[in-house]
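These notes are about the structure you will find just below.
Naming convention: chains lettered A, B, ... in sequence-line order (proteins, then strands); numbering from 1 in each chain. This one's a predicted model, so the numbers in the text were calculated from it and none came from an experiment.
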Amino acid sequence: MISGNLEKRHKIARAFRVLCATVTWASIAVLAVLLAHVSFEGFRWLDLGFLTSFPSRFPEQAGIKSALMGTLWLISFTALFSVPVGVAAAIYLEEYAEDSRVSRFIEVNIANLAGVPSIVYGILGLVIFVRFFALGRSVVAGSLTMSLLILPVIIITAREAIRAVPGSIRQAAFALGTTRWQVVRAHVLPSALPGIMTGVILALSRAIGETAPLVMIGALTYVAFVPEGPMDAFTALPIQIFNWASRPQQEFHQLAAAAIVVLLTVMLLMNAIAVIIRHRTERTR
Amino acid sequence: MNTDVMPEEVHDAMTFEKPILEAENVTIRYVDQPAVRDVSLSIAANKITAIIGPSGCGKSTLLRAFNRMNDFIPEANMSGHILYLGEDLYSKNTDPVEVRRRIGMVFQKPNPFPKSISRNVSWGPSINGYAGESSERVEKSLRKAALWDEVKDRLNDSATGLSGGQQQRLCIARALAMEPEIILMDEPCSALDPVSTSRIEDLMLELKEHYTIVIVTHNMQQAARVSDYTAFLENGNLIEYGETDQVFTRPAQKRTEEYVTGRFG
């Protein structure tokens, strides 16, 4: 009879399991410590006044109203610009483009763009949107810059989602005498939607935390008003956090911690919405 | 073995007064590798024609050429002509979407849309601008596919919850809802159990009254049971084409005889 080394193989299997569990829990623990620390430090400052006040020299009166609203404006417009363009590009590359040298060149470059440091996008945004198109330090200029930054991520994840739709579904639809657009519209997009949504939310979560490109295009660090239109100047949460954290007074560090809690909450909310949409579309389709 | 019939005569013998489909010197290559070699055959209307042959003989490729499904395989290129009621399916003026509307297809693996049962059937007609009552058409198509009684109480349930055999009949209903003239079936029973298989075979016999069916199968008993005519392909070549009885009981070609008696393939 073959002994099969069963004992040893089971040992290796157990060891691997322990290793995976350790790595997972260690990273969760680090996150938990971070969250606990930040919440503990900022807890005292977190109240309604903090959300509805403008920044101030006096820590007791300081709040994040302009930064929070600026972030919401920024993220809404970024989604508005990047989602249609990104999804359309993904559909084109997956469903229409022929596998040619040009399309492979485009593919490689999209992957490369995803790895470009965000500050580079900031410089690009400053030159093109702020100066050349004379959009100034506006919400639109910021959103367009952010859109460029996250477009590669959206395109790549949307393509993955579209590619995961089984070819047999497409064939079945084509065999009924339908055009490619009808097939994409009725079958490919609905099936790919959960995956696309996940990618979009992940990309927007990245945009919400980005600071460098906003600093580059000149988002203001002290704004005592809420943007009323897309052409207004703005600030955003990460910039406000950066500003407070770089001051010497302890109180402002705590304010920064409180703002971080708010930023994380916004992110969590967005992820929750993504999960809900995913769940809904998976059930109803 | 019959030696009195030459192979060429066998091909020529199978000409019909009004063939619904005709392949003329069809050669299909994947890049450079030919999968179908210089095949000419005509398909009779309101009959079941079976295409048999060993794996990789090009039978599916030939079938997919009849409704231009090979268009989706960039490596595939075809020479020769395929005529549908005398019209070239591959001419510049022919719209492949229109071709597929008239010539439906059922695939090897059941592939219902991940939507409701009724939506599976009604989607094709609605997208093609059918204006009538869609629930009526759904019922009619499901009845024709012998599925109505099993699903009439759960038309809005997801089609993916059906059994494999039911899914395949749903796919047939979906093809029927377009009221095609020809239905191409690419090994429609290969993923099904014997009971489902015999249900679909019965269904085919009922359907041939109104439709022309071309079925690819590697199950010779199935070809013998359901088809009126049988074409035997090997290595991309059409070896023999004739009435099913004749092909199975008195094949003209030695290769055919060896294949239908199970000596290879």
### Query
Does a salt bridge link B:Arg101 with B:Glu98, judged by any charged N lying under 4.0 Å from a carboxylate O?
yes
### Query
Under a 4.5 Å heavy-atom cut-off, does chain A meet the side chain of B:Pro112, its backbone, both or neither?
backbone
### Query
With only heavy atoms counted, which part of A:Gln171 is less than 4.5 Å from chain B, the side chain, the backbone, both or neither?
both
### Salt-bridge contact B:Arg143-B:Glu139 (side-chain N to carboxylate O under 4.0 Å)
yes
### Query
Where does B:Ile103 contact chain A at under 4.5 Å (heavy atoms): side chain, backbone, both or neither?
backbone
### Query
Has B:Arg137 got its NZ or CZ under 6.0 Å from the middle of the six-membered ring of B:Tyr130, at an angle within 45 degrees of the ring axis?
yes
### Message
Using heavy-atom distances under 4.5 Å, tell me whether B:Phe107 contacts chain A through its side chain, its backbone, both, or neither.
### Response
side chain
### Task
May I ask you to decide whether B:Glu87 forms a salt bridge with B:Arg102, counting only side-chain N to carboxylate O separations under 4.0 Å?
no
## Note on the structure
In terms of heavy-atom pairs under 4.5 Å with chain B, the winner among A:Pro166, A:Ala172, A:Gly167, A:Ala186 is A:Ala172
### Query
Which bit of A:Arg180 comes within less than 4.5 Å of chain B, counting heavy atoms only: side chain, backbone, both or neither?
side chain
### Query
Just one of B:Glu187, B:Gln222, B:Lys59 clears the side chain to side chain donor-acceptor pair (under 3.5 Å) bar with B:Thr217, so which one?
B:Gln222
